[in-house]
Amino acid sequence: DLSAAGTYNLAIYVTNAGDLNKKNDTLLTLVQQIQNLPLDLSTDYVDNLEAAAAATYQSDTTGIRGAERYDFSNSTDFGRLRTSAGSGFAFSGNNAFILDANRFVALGNVNYLYGTFNLRNYSAATHDIRLDFRIRQHGQIPNPANRVWIRGSDKDAWIPAYNLDSLQANNLFHKTRSIEVSGLLAANGQSFTSSFGVRWGQWGIWPATDTASAAGYTIDDIRLYQVENDLQLESILSPAINACGQSDAAQVQINVRNG
């Protein structure tokens, strides 16, 4: 019975009458049953990744140790995910997700970080669920793989949600805009399930050697939250950016959105 969350070491063996070589009859494997409890967004869910074990991953991995809701994949043997890279890399605490290559890769490498969140108690039609996170880019080269995608379940198609190439300054943590998860799902005929997913992508040819150089992303403080009666400032219509000599009678016009 593997229904309880935990790690199971299995030994599988076969017997065959007349087999003279018994040394290849056994297979040892490890199976993880990862806990996936429903999230309660009556207060914001913020993952600062401090529970993740300090480790480096350079192959496809299901269940990052200490942060088992996250998985990792890479397109070459040189793609890398680290949960700690020394002083100054994380936005808060000591841990963050650092996506890069572990050496120069002439043809480039694509890394994907996946997060699975149980949002089965929410509806894309009636609950306004949002996502944001902190991210630092380490001199990252623009590429179509530098994106964030979402999907309602692990059987649904990925939906583009955020363009990481829009980040400009190096060596600074950016807080992304509020990504309207519910609206994107509803517009694409999807809804929340126990396997709602987020995928972060990173393409690169160099390692993140420090907080500002080479390539890679550092991701921290991943937040899912519910909003109500949200008001958004979309643009300032007047005065113009270069308006000078305005009096105290000048009118200010703005464009707002009632979300």
With heavy-atom distances below 4.5 Å as the criterion, would you say the side chains of [X] and [Y] are in contact?
X	Y	result
Arg69	Phe117	yes
Val198	Leu131	yes
Arg151	Asn188	no
Asn118	Pro38	yes
Asn9	Leu28	no
Glu50	Asn94	yes
Pro207	Arg103	no
Thr56	Arg80	yes

Problem set entry | Chi angles and distances behind the side-chain contact (heavy atoms from CB on, under 4.5 Å) call for Leu224, Asp44 | CA-CA 6 Å; Leu224 284 165; Asp44 294 358; over 6 Å; no

Is it the case that the side chain of [X] and the backbone of [Y] share a donor-acceptor pair, with hydrogens and angles ignored and the cut-off at 3.5 Å?
X	Y	result
Ser195	Ser153	no
Thr61	Ser59	yes
Gln190	Ala157	yes
Gln140	Gly216	yes
Thr193	Gly152	yes

Exercise. Looking at Phe97 versus Tyr70, is the centre-to-centre ring distance below 6.0 Å?
Worked result: yes

For this session: Establish, yes or no, whether a centroid distance under 6.0 Å links the rings of Phe173 and Phe91.
Result: yes

Could you tell me which non-hydrogen atom of [X] sits nearest to which non-hydrogen atom of [Y], and how far apart they are?
X	Y	value
Asn109	Gly79	ND2-CA, 3.1 Å
Ser84	Ala54	CB-CB, 4.3 Å
Pro160	Trp158	CD-O, 4.0 Å
Ser194	Asn36	O-ND2, 2.8 Å
Asp71	Gly63	OD1-N, 2.8 Å
Ala161	Ile150	CB-CG2, 4.1 Å

Do [X] and [Y] share a hydrophobic cluster, counting only Ile, Leu, Val, Met, Phe, Trp and Tyr and linking them when any side-chain heavy atoms are less than 4.5 Å apart?
X	Y	result
Trp200	Tyr57	yes
Trp203	Phe104	yes
Trp206	Phe89	no
Ile141	Val110	yes
Val148	Leu113	yes

Exercise. How are the rings of Phe133 and Tyr162 set relative to one another: parallel (under 30°), tilted (30 to 60°) or perpendicular (over 60°)?
Worked result: perpendicular

Exercise. Where does the angle between the aromatic ring planes of Tyr114 and Tyr112 fall among parallel (under 30°), tilted (30 to 60°) and perpendicular (over 60°)?
Worked result: tilted

So how far is it from [X] [atom1] to [Y] [atom2], rounded to the nearest 0.5 Å?
X	Y	atom1	atom2	result
Tyr217	His174	OH	NE2	9.5 Å
Arg65	Thr7	CZ	OG1	11.0 Å
Ile236	Gln253	CD1	CD	11.5 Å
Ile129	Ser123	CD1	OG	9.5 Å
Leu99	Leu81	CG	CG	5.5 Å
Leu41	Asp128	CG	CG	11.5 Å

Exercise. Going by an N to O cut-off under 4.0 Å, is there a salt bridge joining Asp220 and Arg134?
Worked result: no

Exercise. Any Lys/Arg nitrogen of Asp47 or Arg223 sitting under 4.0 Å from an Asp/Glu carboxylate oxygen of the other?
Worked result: no

For this session: Could you walk me through whether Leu185 and Phe196 pass side-chain contact (heavy atoms from CB on, under 4.5 Å), step by step?
Result: CA-CA 10 Å; Leu185 291 182; Phe196 167 74; 4.2 Å; yes

Any donor-acceptor N or O pair under 3.5 Å, side chains [X], [Y]:
X	Y	answer
Tyr122	Ser182	no
Tyr225	Asp132	yes
Asn146	Asp165	yes
Ser166	Asn163	no
Thr83	Asn95	no
Arg130	Ser178	yes

Problem set entry | With Asn111, the side chain to side chain contact (heavy atoms under 4.5 Å, CB included) member among Asn74, Ile98, Thr76 | Asn74

Exercise. Of Ile222, Asp40, Leu119, Leu39, which meets side chain to side chain contact (heavy atoms under 4.5 Å, CB included) against Tyr45?
Worked result: Leu39

Problem set entry | Leu27 CG: over 12 foreign heavy atoms closer than 6.0 Å | yes

Exercise. Given the rule in the side-chain contact (heavy atoms from CB on, under 4.5 Å) test, do Leu164 and Thr176 qualify, once you have shown the distances and angles that lead to the verdict?
Worked result: CA-CA 9 Å; Leu164 296 177; Thr176 66; 5.5 Å; no

Exercise. Run the side-chain contact (heavy atoms from CB on, under 4.5 Å) check on Asp60 and Ser73 step by step: do they pass?
Worked result: CA-CA 4 Å; Asp60 293 359; Ser73 71; 3.4 Å; yes

Problem set entry | Test log, rule salt bridge (Lys or Arg N to Asp or Glu O under 4.0 Å), inputs Lys175 and Asp221 | CA-CA 9 Å; Lys175 185 176 183 180; Asp221 289 6; over 6 Å; no

Exercise. Just one of Gln137, Arg136, His138 clears the side chain to side chain donor-acceptor pair (under 3.5 Å) bar with Thr218, so which one?
Worked result: His138

